[in-house]
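By convention in this document, chain letters (A, B, ...) are assigned in the order of the sequence lines, proteins followed by strands, and residues within each chain are numbered from 1.
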There are 2 protein chains.
Amino acid sequence: MLAEFLKKSFDKYFNAPIEAWEEFSELCEPISFEKDEIIKSQNTTEKYFYFIIKGSAGIFLWKENNFVCLDFAFENSACCDYMSLLTKEPTELEVVALEKSEMVKISRENFYELGKKSIGQIIMKISAEDSFIEKQKQQIELLTKSSKERYEILQRKFPDIHQRIAQKHIASYLGITPQSLSRIRNTAN
Amino acid sequence: MLAEFLKKSFDKYFNAPIEAWEEFSELCEPISFEKDEIIKSQNTTEKYFYFIIKGSAGIFLWKENNFVCLDFAFENSACCDYMSLLTKEPTELEVVALEKSEMVKISRENFYELGKKSIGQIIMKISAEDSFIEKQKQQIELLTKSSKERYEILQRKFPDIHQRIAQKHIASYLGITPQSLSRIRNTAN
DNA sequence: GAGAATAATTACCAAATGGTAAAAAATCAA
DNA sequence: TTGATTTTTTACCATTTGGTAATTATTCTC
């Protein structure tokens, strides 16, 4: 059940037999979050790797008097303070559920335990590599696109984002103020 | 010789015996580049992972009528179009030597060959993880710091960058025009 | 459902940055 | 070295974005 869900979600990255995913599932714990519930707070060390079954989450960073969103995560994708999980160091990043969510979590210890088996190796490798690629794409957008273009790209990537995520979070992700995003949205063409 | 150099460069990340690095070195080829020589051109697939012994390089992306720099790399660090190396797909990224440089390169095939031995596994894992962390830090700077602050952070990271790298490349890395960087540099305090 | 709290929109002006252009400085190449 | 090319600086104005504040809309809570 969970194993099938995971297999489907990861099939675009690599193919592993269902047995491997069953083995993975056994180390996962289901967990639920309410909207706005903090999954990992600032200045703590990430202990878990989460996978979203239903709902959404954001990675936030406090800046002056606002939160800035570094990433959104929806169904069928991973979500955690990956930097902290990798370095085992606390970070200022906060992970927050943005909707009522159902997830599974796997502890760092179990994650690394899995690393000794082939499925874990592949997941860890894909996670790190894919995370890098996504981050580099974000950097490219910030450096080469206007805020309006970045908004359009985000909408194409997550067509229902505006129905699910507060505009102020979207604005912070784009690197602009909510007022600017409002202007962009209300500009013709 | 090369093995010792590599070992020293990577010791901050993980410890491997000199023998492992000797094994690694055997798969490396030395290669030199002139200033401004293209290491990997746009719309090609990256074939090599480079390690800089001396000199520097930049990862560039064409934007309208200028190049934008995504990353600088100096001595003791890796340099390549890592996204393309991982995906085996061509990208629009260009890798350029920014000074007369001495590097060693290892082909993707040999890199993955090494993956079967423990040293390769660790290098690949560290490369992906560290690349992600650096990219996320860049994203955080772009989203939460002013261009002046970003310039100061870059100067602290690479104190001699202004002596080695053209200001237009630094400006593009910071996400601003050369004129803006010139103004920032000539502003008191 | 009513009131309170939060979020989004709009307007206004200030600040930062972009774009064009020209001059000065630095670098390159014969 | 000298002239050509490229880079950096400066100046000017246009555009974008930020910040404050007030209004409207939405969401939350009882």
Student: What one-letter contact string describes nucleotides 12-30 of chain D from 5' to 3', where B marks a base within less than 4.0 Å of any protein heavy atom, S marks contact via sugar-phosphate atoms alone, and - marks no contact?
Tutor: -----BBSB-------S--
Student: Would you indicate which nucleotide in D/dT9, D/dT7, C/dT9 comes nearest to any side-chain atom of B/Gln167?
Tutor: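 Closest nucleotide among those given: D/dT9.
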Student: To the nearest angstrom, how far is B/Glu149 atom CD from C/dT17 atom C1'?
Tutor: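 In whole Å, C/dT17 C1' lies 16 Å from B/Glu149 CD.
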Student: Send over the distance from B/Glu34 CD to C/dC28 P, rounded to a whole Å.
Tutor: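 Atom CD in B/Glu34 sits about 12 Å away from atom P in C/dC28.
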Student: Decide if the gap between the ring center of A/Phe5 and the ring center of A/Trp21 is smaller than 6.0 angstrom.
Tutor: no
Student: In whole angstrom, give the distance that lies between atom CZ of B/Arg164 and atom C1' of C/dT27.
Tutor: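 My rounded result for the distance is 18 Å.
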Student: Which whole-number value in Å describes the distance from A/Phe67 CZ to C/dA7 C1'?
Tutor: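 The answer, rounded to whole Å, is 16 Å.
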Student: Between the main-chain N or O of A/Lys47 and the side-chain N or O of A/Arg108, is there a donor-acceptor pair closer than 3.5 Å?
Tutor: no
Student: If you round to the nearest 0.5 Å, how far is CD of A/Gln42 from CD of A/Glu92?
Tutor: 7.0 Å
Student: Give the rounded distance in Å between these two atoms: CZ of A/Arg185 and P of C/dA7.
Tutor: 16 Å
Student: Tell me: CD of B/Gln163 to C1' of C/dT27, nearest whole Å?
Tutor: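 Those two atoms, CD and C1', are 16 Å apart.
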Student: Do B/Phe111 and B/Ser107 have side-chain heavy atoms sitting under 4.5 Å apart?
Tutor: no
Student: Of the non-hydrogen atoms in B/Thr45 and B/Pro90, which two are nearest, and what is the gap between them?
Tutor: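 Taking every non-hydrogen atom into account, OG1-N, 3.1 Å.
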Student: Atom CG of B/Asn66 and atom P of D/dT6: how far apart are they, to the nearest Å?
Tutor: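 Nearest whole value for this atom pair: 14 Å.
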Student: Out of D/dT8, D/dT9, C/dA7, which has the shortest distance to the side chain of B/Asn186?
Tutor: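 Minimum distance to the B/Asn186 side chain belongs to D/dT9.
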Student: Provide, to the nearest angstrom, the distance between the NZ atom belonging to B/Lys168 and the P atom belonging to C/dG18.
Tutor: 17 Å
Student: Nearest 0.5 Å, please: how far is OG in B/Ser172 from CD in B/Gln167?
Tutor: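 One finds 11.5 Å between CD of B/Gln167 and OG of B/Ser172.
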